[in-house]
Asker: 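Have a look at the structure that comes next, please.
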Amino acid sequence: MTAHKKLTIGVFGFGVVGEGLYKVLQKTESLNATIKKVCIKNPNKKRNAPPELFTTDKDEILNDPEINVIVE
């Protein structure tokens, strides 16, 4: 059996798709995937996730060698 590589995800935006992905990954422990960082425009907007998950600096996602999947 082949082991699957862990997906470390960077996300641009936390609207319907971004938040939906976050919720699915939280509920589905069998998936070998986590969101490391989410890039957002407005840091003052209330969101249903820990504040340390968010950044306004796109380079935190683009230049992070641990992130191997980027979702927009």
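Scope of the values below: all heavy atoms of this structure, side chains included, with no hydrogens, waters or symmetry mates.
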Asker: For Phe12, check ring-ring contact (aromatic ring centres under 6.0 Å, His included) against everything at least two apart and list the hits.
Answerer: none

Asker: Could you tell me which non-hydrogen atom of Thr55 sits nearest to which non-hydrogen atom of Lys37, and how far apart they are?
Answerer: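 Residues Thr55 and Lys37, closest heavy atoms: CG2-CG, 3.5 Å.
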
Asker: Can you list everything that forms a side-chain hydrogen bond (donor to acceptor under 3.5 Å, both in side chains) with Asn63? Sequence neighbours excluded, please.
Answerer: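 Partners of Asn63 under the side-chain hydrogen bond (donor to acceptor under 3.5 Å, both in side chains) test: none.
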
Asker: Among Val38, Thr34, Leu25, exactly one meets side-chain contact (heavy atoms from CB on, under 4.5 Å) together with Ile9. Which residue is that?
Answerer: Leu25

Asker: Apart from Val17 itself, what residues make up its hydrophobic cluster, given side-chain heavy atom links below 4.5 Å?
Answerer: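 Grouped by the 4.5 Å side-chain rule, Val17 forms a cluster of one, so the answer is none.
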
Asker: May I have all residue pairs that pass salt bridge (charged side-chain N to carboxylate O under 4.0 Å, His left out) and include part of residues 21-31, sequence neighbours excluded?
Answerer: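 For residues 21-31, and leaving out neighbouring residues, the salt bridge (charged side-chain N to carboxylate O under 4.0 Å, His left out) pairs sorted by first residue read Glu19-Lys23.
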
Asker: According to side chain to side chain contact (heavy atoms under 4.5 Å, CB included), who are the partners of Thr56, at least two apart in sequence or on a separate chain?
Answerer: Ile40, Pro43

Asker: Identify all side-chain donor-acceptor contacts of residues 65-72 below 3.5 Å with residues at least two apart in sequence or on another chain.
Answerer:
| residue | atom | partner | partner atom | Å |
| --- | --- | --- | --- | --- |
| Glu66 | OE1 | Lys36 | NZ | 2.7 |
| Asn68 | OD1 | Thr8 | N | 2.9 |
| Asn68 | ND2 | Lys6 | O | 3.0 |

Asker: Which residues satisfy the side chain to side chain contact (heavy atoms under 4.5 Å, CB included) test with Lys45, sequence neighbours excluded?
Answerer: Asn42, Arg47

Asker: Output all residues satisfying side chain to side chain contact (heavy atoms under 4.5 Å, CB included) with Gln26, sequence neighbours left out; order by chain, then residue number.
Answerer: Tyr22

Asker: If a pair satisfies ring pair (Phe, Tyr, Trp, His ring centres under 6.0 Å) and one of its residues is in residues 42-72, list it, with sequence neighbours excluded.
Answerer: Phe14-Phe54

Asker: Between Leu53 and Ile61, is there a shared hydrophobic cluster once you connect ILVMFWY residues whose side-chain heavy atoms come closer than 4.5 Å?
Answerer: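 No, because Leu53 and Ile61 fall into different hydrophobic clusters, even though each may have its own neighbours under 4.5 Å.
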
